[in-house]
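Notes follow the structure.
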2 protein chains.
Amino acid sequence: MIMGREEVGQRSETVRRANLSAIVRELHLRGPISRSELVAWTGLTRSAIRSLVGDLVAGDLVAEEAAVRLGTPGRPSPLVRLVAENAVVLALEIAVDSLAVATVGLGGDVLWQRRVERLRGHSLLEEIVSDLADLAASARSRRPADETPIGVGVGVAGIVSRVDGLVAFAPNLGWIDVPLGDRLAEALDLRVPVAVANEADLGALAEFRRGAARGADDILYVHGEVGVGGGIIVDGRPLSGIAGFGGEIGHMPINPAGRACRCGSVGCWETEVGEGVLLARAGYPVDGGSAAVDAVLADAAAGRPQALDALREVGRWLGIGLAGLVNVLNPRRVVLGGLFSLIHPFVADRVEEELDRRALAAPRRLVSVVPATLGVDAPLLGAAEMAFDPLLADPAAWLGPRGALVQLESA
Amino acid sequence: MIMGREEVGQRSETVRRANLSAIVRELHLRGPISRSELVAWTGLTRSAIRSLVGDLVAGDLVAEEAAVRLGTPGRPSPLVRLVAENAVVLALEIAVDSLAVATVGLGGDVLWQRRVERLRGHSLLEEIVSDLADLAASARSRRPADETPIGVGVGVAGIVSRVDGLVAFAPNLGWIDVPLGDRLAEALDLRVPVAVANEADLGALAEFRRGAARGADDILYVHGEVGVGGGIIVDGRPLSGIAGFGGEIGHMPINPAGRACRCGSVGCWETEVGEGVLLARAGYPVDGGSAAVDAVLADAAAGRPQALDALREVGRWLGIGLAGLVNVLNPRRVVLGGLFSLIHPFVADRVEEELDRRALAAPRRLVSVVPATLGVDAPLLGAAEMAFDPLLADPAAWLGPRGALVQLESA
DNA sequence: GGCATTTGCAAGAGAGGAACACAAACCAGT
DNA sequence: ACTGGTTTGTGTTCCTCTCTTGCAAATGCC
């Protein structure tokens, strides 16, 4: 007998929960909106909106502002606005060569942010956790003392189990099955949920909600760094796979007769488009890091052939891999992030060319390839978005029994 | 300004709709269930279930049977059962070398079914439509005269736009942008919606709901025929992509230095694992069709080295491609259908081997590769499932204002 | 007959819909 | 600049729909 998920039944409360969620999510994603726009957008009646917004105001999650005059006849509708300061999250990121922290308010305002350099190479969990805890402390010290985050989101360059927050494999850090989520929760001691996810998945989330992929429901975000990560959004929902390991597009075999990959396989996509192979082709040391990448870009801008050729070759392989993914996923938009957003001007032509050659005509016609707009901070902003998700899914849980703001203990 | 989907607001009716849908879906997927099991599974109260089931009974979609005695104390709970005959769909399939039709009742009972041979090669739309209309007529003649299907599902070996039912590309039929859905709707003249989809997507749906992938929410179905199609299910929902073109895994570039593919690209996966290359490697004519495939299998069973080597090579490439897809999708189960279910016994070892070598350890551990259990009929059954979807999503639309069975005009 | 379990029924509570009176702003005409 | 008509949003009241709660009755096993 197959076990069924329990509790599929809906009840009356579900409706209110869903409607509150729709309103808060709308405000979070689009910014302040008039009440009447909310009425039009949700299809609910004025009475219903009034009651729902009233609850949110009573819970201090939302404030109403004087109406704006917009030249149309009729009484102006008050503007409904989220109060960013009353629900903030802490976003953390462990990138290949930096650590970052941000305090982000509901609605997406970055209230404070900091990024520090990190030496490339393997690190002990405890070092990283301690560094992140320091960053988190400095973030909190810049904000009002009574401001407690409602959640913590962490992005890490590695594959992460969504089930338990275990970092299953992070070659840049030298981690295998490392309990980052648990340790961080202890070290931060905030009594709020700590969600950990892959950097590229979070980049996809951020670009989807606030960046280059806004408005598209099926997207592929390709994050180039030392390796290549991917974040896939299908029908507005992140494709996480059964355990959150999904999106590891860097390890699709694309040239089985090619180079060995650090994952143990041969001919993975990242062996043809990763930072290392770009540097090698351009005549720089493979481990030159971002300084060497900058040099390659400068060379290319100056028209030096070796750099241009190296970029073209990366562009070609980028296009080949994207063609396969476009055929598999039929996305609306492909967003190139990290390293790939930097090299985009130099590789766009080759990418389009390979897509024309190798992707099926029907999906090819519908897709556009664009550089990321959120830059290096995309994964950090995605971590914040992830931390907001429980609130967006059920704002009622943050409101007391009809109005009083309630501090939840944990997830 | 980004356009918002309208009508996101929920109302009381939404709840009932969702609950009716949950009950009908549950009965459809798992068969007869007692009322008390429904209570346990949905989390609703007895009264609510009583009322919901009552409506379904009044609408003749469901019947209640005398309680079954199962040795437990307490008053036996009546068994709730779908009435298959009161909601049937017509399923059609255009495969590479056959056409098929089935009348399927709610709950998944195949009430009548027929498959006829088709000559391989290009066909005119009108020929196919006329043949299918004949099959449909014979299907209807075997059933009670007053039985009108509530929907028609059509599977076709080609990529299909879910937006308009246009067959964008079907190399086996020689079709480009052919309006199969519209023409078929005219020819059948049933005044019910005709849904068209890709064969592999439907195979995935069938194996997911009633076959080898039952119980798993993230699956990949790989359908081998002349070409290679794929159906992907993410978190219980088919991955269709922005226009329904998703899942074309046969055209992932996997060996860019390899053979030309009929799609115009080079080194697509299907050039290494399709029927043609298997036959060629085994020393049979590439266009030998299923007879030649049978011969290769017989050779292999008899231990002939050339056939075994050919199968092993196909198995190796199958494993290479699957490794990439496992990394990208992190599925719970990979189901091998069509040609691949036939050769599964001969290739399983090589597939597992390549997965071990090339897939990342974390997702690799969680995935199992199994042959399809529904055989050649998987896409046909999937077409039926697709045709049931509107009913499953909103059974209330098939019930009148509180009970009377209503015949809807169209979608 | 006792007990556990399930059903049936009536009353109740939560949530949104519909209709109405009222208020605020715009527009046109004087 | 003022006035009146028009448009649109607000707030209130009552209604409907749907699920829940609580109690009583029915059933079947031990």
Side-chain angles (χ1 to χ4, degrees), chain A residues 7-23 32-58 62 64-80 394-397 399-403, chain B residues 7-23 33-58 64-80 394-397 399-403:
Chain A
E7 308 298 298
V8 297
Q10 309 237 321
R11 43 198 69 182
S12 317
E13 313 158 26
T14 321
V15 176
R16 195 172 190 79
R17 207 194 314 265
N19 287 339
L20 280 173
S21 170
I23 291 175
I33 298 181
S34 73
R35 262 203 208 181
S36 50
E37 283 176 290
L38 280 175
V39 168
W41 186 71
T42 58
L44 298 174
T45 58
R46 295 173 297 198
S47 324
I49 292 293
R50 193 174 83 93
S51 160
L52 294 164
V53 171
D55 275 12
L56 292 171
V57 170
V62 143
E64 288 189 288
E65 283 178 0
V68 284
R69 307 187 178 180
L70 24 70
T72 57
R75 177 175 168 174
S77 193
L79 206 61
V80 182
D394 185 11
L399 307 174
R402 237 359 184 264
Chain B
E7 308 299 297
V8 297
Q10 309 239 319
R11 42 196 70 182
S12 320
E13 312 157 26
T14 320
V15 174
R16 194 174 191 81
R17 207 195 314 266
N19 286 338
L20 280 172
S21 169
I23 291 176
I33 299 182
S34 74
R35 264 203 208 180
S36 50
E37 283 176 291
L38 280 174
V39 168
W41 185 72
T42 58
L44 297 174
T45 58
R46 300 184 290 273
S47 315
I49 293 292
R50 191 174 81 93
S51 160
L52 293 165
V53 170
D55 276 12
L56 292 171
V57 169
E64 287 190 288
E65 282 178 0
V68 282
R69 307 181 179 184
L70 25 72
T72 54
R75 176 175 170 174
S77 192
L79 205 62
V80 182
D394 185 12
L399 308 173
R402 234 1 182 264

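Here is how names work: the chains are called A, B, and so on, in the same order as the sequence lines, proteins then strands, and each is numbered from 1. Everything numeric here is computed off the predicted structure, so don't read it as measured data.
- The phosphate of D:dC17 (OP1 or OP2) has no side-chain N or O of B:R16 nearer than 4.0 angstrom.
- The closest side-chain heavy-atom distance from B:L44 to B:L52 is below 4.5 Å.
- Take A:S36 and apply the side-chain contact (heavy atoms from CB on, under 4.5 Å) test, not counting sequence neighbours, and it matches A:S34, A:S77.
- Using a 4.0 Å cut-off, no side-chain N or O of B:S12 falls inside it from OP1 or OP2 of D:dC17.
- A search for side-chain contact (heavy atoms from CB on, under 4.5 Å) contacts involving A:V80 returns A:L27, A:R35, A:L38, A:V53, A:V62, A:E64, not counting sequence neighbours.
- In this structure, B:I49 and B:T42 have side chains that are in contact, with non-hydrogen atoms separated by less than 4.5 Å.
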Sub-3.5 Å pairs of nitrogen or oxygen atoms, protein against nucleotides 7-10 of chain C:
| from | atom 1 | to | atom 2 | distance (Å) |
| --- | --- | --- | --- | --- |
| C:dT7 | OP1 | B:S77 | OG | 2.4 |
| C:dT7 | O4 | B:R46 | NH2 | 3.4 |
| C:dG8 | OP2 | B:R35 | NH1 | 2.7 |
| C:dC9 | OP2 | B:R50 | NH1 | 3.1 |
| C:dC9 | N4 | B:S47 | OG | 3.1 |

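- A:I49 places its CD1 atom 19 Å from the P atom of D:dT8, with the value rounded to the nearest Å.
- When distances are taken from the side chain of A:L44 to each of C:dA15, C:dG17, D:dC19, the shortest belongs to C:dG17.
- Side-chain contact of B:R50 with B:T45: a donor-acceptor pair under 3.5 Å is absent, judged by distance alone.
- Taking every heavy atom of both residues into account, A:V15 and B:V15 meet most closely at CG2-CG2, 2.9 Å.
- Neither OP1 nor OP2 of D:dT18 sits under 4.0 Å from any side-chain N or O of B:N19.
- Residues passing the salt bridge (Lys or Arg N to Asp or Glu O under 4.0 Å) test with A:R17, sequence neighbours excluded: A:E13, A:D394.
- Atom P of nucleotide C:dG16 and atom CD of A:Q10 are separated by 13 Å, given to the nearest angstrom.
- The shortest side-chain heavy-atom distance between B:L79 and B:I33 does not fall under the 4.5 Å cut-off.
- Going from atom CD1 of A:I33 over to atom P of D:dG9 covers 15 Å, rounded to whole Å.
- Comparing D:dT20, D:dT18, C:dA15 by their closest approach to the side chain of B:A48 singles out D:dT20.
- Listed pair A:R11 / D:dT18 fails the phosphate criterion, with no side-chain N or O lying under 4.0 Å from OP1 or OP2.
- The CG atom of B:L79 sits 17 Å away from the C1' atom of D:dT27 (whole-angstrom rounding).
- When the C1' atoms of four end pairs are superposed on the next four at each end of the helix from C:dG1-D:dC30 to C:dT30-D:dA1, using five pairs per end, the two resulting axes differ in direction by 10°, to 10°.
- With sequence neighbours left out, the side-chain contact (heavy atoms from CB on, under 4.5 Å) criterion links B:T14 to B:Q10, B:R11.
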